Structures are given as C-alpha cells and as structure tokens.
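The structure under discussion appears below in the form of structure tokens.
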Amino acid sequence: MDWRQNVRTAEPYVPGDQPDKKGMIKLNTNECPYPPAPGVAQAARDFACGSLRLYPDPACGLLTGALADYYHVGPEQVFVGVGSDDVLAMCFLTFFHSDRPILFPDVTYSFYDVWARLYRIPYRTCPLDESFRIVPEDYMQPNGGVIFPNPNAPTGILESIDTIEKIVKANPGSMVIIDEAYIDFGGVSCLPLIEKYDNLLVVQTFSKSRSMAGCRIGFAIGNAETVRYLNDVKFSFNSYTMSRLSLSLGAEAVRDRAYFEETTAKIIRTRERVKKELAALGFSFTDSMGNFIFASHGRIPAKQIFEALRAHDIYVRYWEKPRISNYLRISVGTDEEMDRLTDFLREYLQGV
Ligand SMILES: *Cc1c(COP(=O)(O)O)cnc(C)c1O
C-alpha cells in the first residue's frame, strides 16, 4: 500500500500569465485598465488597520447589503466569496450533486471541467454551433445541472434572456448557473428571472467591470433558499472568506454607480473602435460583448501572432485547444494600449 493511492489528485486550472515587465502591455487576463472607483482609494486610506486583529463578519453583511441595494434584492439573496472562482467552486460543491452529468459548452471557461473533476461530478460538454452559439435544445436532456457564462468566454457571444429563460424553464429538476463575469460590457443580465425561477443562480465578479481583480470579490444572487444552501456549505468549509479590507473596499466600489457606468462605457467604446481597426488588418472576430475581442487572422496563424506579440512585451491569451487554436483573446485596454497593439500589428503583418 502506497500513500499516493489516497491522494486526491487534481489537474489544475492554468491561469493566464502574470508577467510584470516595465512598459509591457498586458491584455491577457481581462483585467480592467482603469483604477477602481475613487471612493475605494479613500476607503483604503481610511481603513482602520487596528481592526485586523479581529475576525471579519462571517456573514459579510456590509458587502451583501451594498449589493442587495444596488441590484434591488434582499440581502438574504446575496452570497459573496473570494472572487467568483470561489463562488463558482461553492456552487459546484453545493448544487451539482447528482449521478446525472452536469452540462456546459465545449468551448467555455476552462475552470468548469477542473471543478467537476476535483469534486468527482460527472459532466458532459455540449458543442457550440459553427458560429460558436449555444444550442438551447442541448440543455434539455436529462442532467444534474447546467452552467455557462453569458456572454460566453472566450468567445464573447451573448445569448438573449429568452434563450436563458428557455433553458431555466426546461430544467425544474436541476440548478442552472449563469456566470455573468462579462455582463456589464453591453449585455442584459438575467437577474430579473430569479423572481420567477428558483432553480436559477446568477454569478458576477468585481474582477472585470469593477476594476478589482486584485481584491478577489465575487457574488451570486438567487433566492433566499439557494443562498442558504450555499452559506451552509461555505460555513462547513471556511467561515471567514472575506477579509475586513475586502468587505470595506468592495462595499465602497458598489456605491459609485456613475464611475462604474462611465468606465464600462469607455471600455465598450474602445472595443468597438478596435474591432474596426482589426477588421481593416484582416482579422475576423465574434461580436464580443465582453471586455475582450476573440479574433482570428485570415492569413497568419494565431499562434505565430501570439508569439510575435509576446516577443514585443504585448501579452494576449492563446489556447492550443480544439476549435479555438486559431484565435487570440485580446483584452480591451486603454485607447493608448490598443493603439500600440494595432500599430505593432500593422507593421508586423506587412512584413510576413
Ligand atoms: C474571470 C472569470 C471568472 C472569475 O473571476 P474572479 O476573478 O475569480 O472573480 C469567472 N468566470 C469567467 C467566465 C471569467 O472569465
């Protein structure tokens, strides 16, 4: 008998590189290029470090309250965690507990199959159609749960509320989790549907549209019963997930609606402008509604462009995976960063 037989082996998720080079342009992990709301910096300056000797509020009331106000739901309908990755991991553990496979797209956020394997949850992937759209009927087969991002990642394609509702309605016997990490960049959230369907949970994050990837805040909104189940699992795992500092800065970020709307509008404007420039350079892409563009070049393989960019300290994301190995996922940075990207590409493409 070898102790290794008792190890819970895992095949971990591989996050995008976090290079830290002077002058680099980092467009590989969909961070926001703008700082968090000004109130966040003020709250950080005002933060009473003496309070760090005490445990934080395990119920995270400050943050769930701020989110409940913002989204017009009850605080008992909000669950928060250490980034939406933590929230999603808790959702997998809580709601995906069936012998039937959970369902998600073949091309999607590559953490889902990692959690499924970690928790020994059976899963089946449903192929997106040839234009990378979800086929709603695929999610009407017997299943132990459904999860996908809307807009999807890394394609950026947004599905309509009607499509989401059809899928939720067809699955009264399982939880449907919609990962809205990118919903604030021009999509319409399916949040209103939680009033109508108790098997729907909506997950969002502060990492992209609220410029706080480094703070690690994510949340789920559902009904009081689903949130209770999530909290029961969380309190069986780690009661104090959110630090006092995260709670305080997170609540502050939610308060500034104007800054949030201005920042997301700026990113959308830059995205649409850069789409036109990339089209002129021979790229084609999906109609991304995220803070990134999922692009493929008509002549030069994506991998080659990815390496050329990296050699010039411009970082984008590339996956050597079926169906998407000729695409680059380019996060939307500031206008200046995007100009440097397109300037480089213009010159590079002339020479190859
Ligand atoms: C970025 C991302 C997340 C996780 O973000 P956190 O930083 O953990 O909040 C979850 N789902 C999708 C689809 C993402 O792109």
Side-chain angles (χ1 to χ4, degrees), residues 12-18 26-33 36 60 63 67 78-93 96 102 104-116 118 125 128 132 134 146-159 164 176-187 189-190 201-221 230 234 238 241-243 246-247 249-250 253-254 264 267 271 286 288-294 316-319 321 324 327-332:
Y13 172 75
V14 184
D17 291 336
Q18 295 296 342
K26 190 173 180 305
L27 306 172
N28 69 335
T29 49
N30 295 346
E31 289 138 332
C32 183
C60 307
L63 192 50
L67 287 165
V78 184
F79 176 83
V80 296
V82 188
S84 56
D85 285 341
D86 178 47
V87 174
L88 289 164
M90 286 293 126
C91 289
F92 270 63
L93 192 54
F96 296 161
I102 62 164
F104 49 84
D106 61 340
V107 176
T108 195
Y109 187 37
S110 43
F111 223 138
Y112 300 154
D113 59 337
V114 171
W115 286 312
L118 178 67
T125 56
L128 299 174
F132 289 140
I134 279 175
V146 170
I147 180 160
F148 56 86
N150 193 44
N152 196 9
T155 64
I157 294 177
L158 179 80
E159 300 296 341
I164 306 284
V176 177
I177 297 172
I178 306 296
D179 179 353
E180 292 190 336
Y182 302 106
I183 199 67
D184 299 320
F185 302 104
S189 172
C190 67
L201 201 66
V202 180
V203 177
Q204 293 190 9
T205 174
F206 282 42
S207 296
K208 279 83 184 218
S209 57
R210 292 187 188 275
S211 308
M212 292 181 80
C215 203
R216 310 307 298 130
I217 303 174
F219 61 97
I221 300 183
L230 270 175
K234 168 194 146 169
N238 176 6
T241 51
M242 310 299 288
S243 74
S246 307
L247 291 173
L249 302 191
V254 180
T264 48
I267 288 166
R271 178 187 71 203
T286 60
S288 172
M289 294 294 260
N291 63 341
F292 54 87
I293 299 168
F294 192 54
V316 301
R317 195 90 197 260
Y318 171 75
W319 290 273
K321 279 192 179 176
I324 58 169
Y327 284 85
L328 300 171
R329 191 198 64 189
I330 306 167
S331 306
V332 176

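Source: prediction; values computed, not measured. Atoms within each ligand, like the ligands themselves, are counted from 1 in listed order. All values below were derived from every heavy atom in this structure, side-chain atoms included, with hydrogens, water molecules and symmetry-related copies excluded.
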Aromatic centroids of Tyr13 and Tyr109 separated by under 6.0 Å: yes
Partner residues of Asp184 under the side-chain contact (heavy atoms from CB on, under 4.5 Å) criterion, sequence neighbours left out: Gln204, Ser209, Phe260, Thr264
Residues forming a side-chain contact (heavy atoms from CB on, under 4.5 Å) with Asp17, sequence neighbours excluded: Pro19, Asn28
Need the list: ligand 1 N/O atoms against protein N/O atoms, distance under 3.5 Å, rounded to one decimal.
unit_1   : atom_1 : unit_2 : atom_2 : d
ligand 1 : 5 (O)  : Ser84  : OG     : 3.2
ligand 1 : 7 (O)  : Ser207 : OG     : 2.6
ligand 1 : 7 (O)  : Arg216 : NH1    : 2.7
ligand 1 : 7 (O)  : Arg216 : NH2    : 3.4
ligand 1 : 8 (O)  : Ser84  : N      : 3.2
ligand 1 : 8 (O)  : Asp85  : N      : 2.9
ligand 1 : 8 (O)  : Asp85  : OD2    : 3.2
ligand 1 : 8 (O)  : Arg216 : NH2    : 2.8
ligand 1 : 9 (O)  : Ser84  : N      : 2.6
ligand 1 : 9 (O)  : Ser84  : OG     : 2.8
ligand 1 : 9 (O)  : Thr205 : OG1    : 2.5
ligand 1 : 9 (O)  : Ser207 : OG     : 3.3
ligand 1 : 11 (N) : Asp179 : OD1    : 3.4
ligand 1 : 11 (N) : Asp179 : OD2    : 2.6
ligand 1 : 15 (O) : Tyr182 : OH     : 2.5
ligand 1 : 15 (O) : Lys208 : NZ     : 3.0

Non-hydrogen atoms of Phe148 and Tyr112 that approach each other most closely: C-OH, 3.9 Å
Polar side-chain atom of Asn150 near backbone of Glu159 as donor-acceptor pair, under 3.5 Å: yes
Any residue meeting salt bridge (charged side-chain N to carboxylate O under 4.0 Å, His left out) with Lys26, in chain and number order, not counting sequence neighbours: Glu31
